[in-house]
Protein chains: 2
Amino acid sequence: MARPAKTPRKTYHHGDLRNALLTAAREVLEERGPSFLGLREISRRVGVSAPSAYHHFPSRDAIALGLAEQGAAELAACLAAAPPNPGGSLLTYGEAYIAFVRANPALYRLMFGEGFPAVSEHSAAIRALRTRSYEIMKASLESRLTAAELPIAGLFLWALVHGLGLLLIDRQIVRDDDLNDVIRRVLTLAGTGLMRGPGRHDGK
Amino acid sequence: MARPAKTPRKTYHHGDLRNALLTAAREVLEERGPSFLGLREISRRVGVSAPSAYHHFPSRDAIALGLAEQGAAELAACLAAAPPNPGGSLLTYGEAYIAFVRANPALYRLMFGEGFPAVSEHSAAIRALRTRSYEIMKASLESRLTAAELPIAGLFLWALVHGLGLLLIDRQIVRDDDLNDVIRRVLTLAGTGLMRGPGRHDGK
DNA sequence: GCATAATTCTAACACTGTAAAGATTGAACG
DNA sequence: CGTTCAATCTTTACAGTGTTAGAATTATGC
């Protein structure tokens with residue numbers, strides 16, 4: 001039985017079907033998980049037949065790709081809006097990054113190609129979007145590192161928050177303490193490495 | 001033994017269909033990617049009808065879960081077999097971890113639930129398997145950290161190699177340098193953090 | 001008002017995972 | 001040895017998917 005849309009529309013033409021499909025897709029993604037993100041399920045929510053989506057997206061994976069773009073933009077916006085804290089910018093940006101991952105777990109995994117070949121195929125476009133977060137975090141380190149050290153340090157920070165966020169949403173981190181405390185301590189530990197700079201560790 | 005996939009088999013009973021399905025599934029996974037990991041494609045390779053798999057696995061996702069278990073065991077074995085290098089154990093284990101990820105990209109993503117609900121559903125079992133790698137890496141830090149610092153430091157290392165490995169197989173790290181050099185420098189940078197210990201006076 | 005283009009629809013195709021029930025076999029027991 | 005039994009593999013079938021083709025409907029420009 002097809003569950004009708006919330007409000008059956010009056011006009012034959014929907015008017016803004018593309019965005020309606022995207023928001024419905026996002027609802028499905030967060031509520032029921034990525035395996036339920038089907039074209040028929042999405043269009044059923046909008047109150048529209050499945051093939052009608054093909055006038056706005058070339059395939060189902062393209063909808064997922066649209067969601068991924070949306071997520072990448074939001075993540076970059078979250079980081080850009082993080083309160084500038086010159087003393088502990090690493091902690092600030094790291095916490096903001098991980099907060100986004102925890103708030104949008106399914107979307108974040110979608111951004112990195114989970115289950116949707118198109119996301120990793122057209123990666124040329126989406127890689128650039130994902131990189132924006134890296135750029136922002138890297139820029140936050142400019143004040144205390146040399147230009148030569150910056151790329152590796154930024155990559156270090158990105159890999160850390162990427163892995164930590166994914167381990168968190170996979171419930172792979174189980175501790176009695178508050179998880180926020182764990183995050184803060186891991187980021188602080190990383191900070192002690194960045195403070196010294198990425199030079200070789202001499203056997204001093 | 002695994003009967004050759006292409007040659008039609010002599011006996012009506014296969015003999016070792018369960019393992020044959022697993023190895024065929026692994027081939028499909030690495031050759032064509034996770035989206036091609038279908039029950040019919042797997043059984044076609046083995047030379048068997050699709051429903052015959054249901055005598056050895058309760059569902060298609062169960063096959064994927066079997067692959068994930070296999071991968072987790074192999075990763076732990078890789079780490080356990082890493083050459084013990086007391087001076088730079090962090091670099092040794094980190095490189096071994098990332099080498100496994102790069103050698104089995106699709107399998108590694110499968111281990112962390114990509115596209116297969118069952119992997120994240122029965123996570124109680126698979127979480128323990130994934131944790132074994134963390135335990136091994138954590139143990140490698142015992143010599144230079146206190147017991148209190150160990151969990152956070154191990155988590156820090158795990159998150160770092162997890163994120164770094166995933167960024168690598170997502171081709172998200174593009175640099176002119178040799179990638180192995182990038183990995184080594186990131187891990188060295190992490191090492192300078194661990195040398196100091198998490199937040200307090202110098203360890204050692 | 002009318003032609004035309006842009007939407008949405010229904011019908012249908014090839015494919016998937018899975019269930020049910022029949023065919024084939026190896027093994028246990030007389 | 002033959003018979004029986006349980007295990008295994010098979011065909012058949014069903015509901016569901018993404019997608020295509022073409023017909024129906026509506027909005028738009030003259």
Side-chain angles (χ1 to χ4, degrees), chain A residues 1-5 7-22 24-25 28-29 32-67 110 114-119 121-122, chain B residues 1-22 24-25 28-29 32-67 110 115-119 121-122:
Chain A
M1 64 177 179
R3 193 178 71 179
T7 63
R9 68 181 190 280
K10 295 296 184 186
T11 66
Y12 185 86
H13 286 16
H14 184 282
D16 192 18
L17 186 53
R18 200 195 130 94
N19 283 51
L21 287 171
L22 276 178
V28 175
L29 181 65
R32 319 228 178 198
S35 62
F36 287 79
L37 190 54
L39 199 131
R40 281 179 152 96
E41 170 72 24
I42 297 171
S43 37
R44 198 176 301 142
R45 289 209 181 197
V46 182
V48 124
S49 270
S52 52
Y54 281 82
H55 277 262
H56 305 272
F57 295 96
S59 72
R60 184 204 67 150
D61 286 12
I63 301 182
L65 203 146
L67 282 185
L110 188 68
E114 140 129 13
F116 294 93
V119 177
E121 292 298 323
H122 306 122
Chain B
M1 282 314 119
R3 186 158 295 279
K6 295 304 178 185
T7 68
R9 69 181 188 279
K10 306 280 187 203
T11 65
Y12 186 86
H13 286 16
H14 184 282
D16 192 17
L17 186 53
R18 200 194 130 95
N19 284 50
L21 287 171
L22 276 179
V28 175
L29 181 65
R32 319 228 180 197
S35 62
F36 287 78
L37 190 54
L39 200 131
R40 281 178 151 97
E41 170 71 24
I42 297 171
S43 37
R44 196 176 302 140
R45 290 210 180 196
V46 183
V48 124
S49 270
S52 53
Y54 281 83
H55 280 262
H56 304 273
F57 295 95
S59 74
R60 186 203 65 149
D61 285 12
I63 301 184
L65 203 146
L67 282 186
L110 188 68
F116 294 93
V119 177
E121 292 297 324
H122 307 120

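The chains referred to below are lettered A, B, ... by the order of the sequence lines, with proteins before strands, and numbering in each begins at 1. Values below: every heavy atom of this structure, side chains too, minus hydrogens, waters and symmetry copies.
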From CG of L17(A) across to C1' of dA27(D) the rounded distance in Å is 16 Å
Any R18(A) side-chain heavy atom under 4.5 Å of L22(A) side chain
yes
Applying side-chain contact (heavy atoms from CB on, under 4.5 Å) to Y54(B) and not counting sequence neighbours gives L39(B)
Separation of dT11(D) atom P from R44(B) atom CZ, nearest Å, is 14 Å
Looking at S52(B), I'd like to know whether one of its side-chain N or O atoms comes within less than 4.0 Å of OP1 or OP2 on dT8(D).
no
Out of dC9(C), dT7(C), dC9(D), minimum distance to the side chain of H55(A) belongs to dT7(C)
Rounded to whole Å, the CZ-P distance (R18(A) to dT7(C)) equals 12 Å
Could you list the protein-to-nucleotides 19-21 of chain D atom pairs, N/O on both sides, closer than 3.5 Å?
unit_1, atom_1, unit_2, atom_2, d
dT19(D), OP2, Y54(A), OH, 2.5
dT19(D), OP2, R60(A), N, 2.8
dT19(D), O5', Y54(A), OH, 2.6

- For dT8(C), take OP1 and OP2 only and decide whether either is under 4.0 Å from a side-chain N or O of H56(A). yes
Quick one: does R60(A)'s side chain have a donor or acceptor within less than 3.5 Å of a partner on R40(A)'s backbone?
no
With P34(B) as partner, the option from L67(B), L29(B), V28(B) fulfilling side chain to side chain contact (heavy atoms under 4.5 Å, CB included) is L29(B)
Whole-Å distance, I63(B) CD1 to dT16(C) P, equals 14 Å
One should read off an interatomic distance between I63(B) CD1 and S43(B) OG, to the nearest 0.5 angstrom, of 7.5 Å
Output for pair (N19(B) CG, H56(B) NE2), nearest 0.5 Å, gives 10.0 Å
Whole-Å distance, F36(B) CZ to dT16(C) P, equals 10 Å
Rounded to whole Å, the CG-P distance (L37(A) to dG16(D)) equals 19 Å
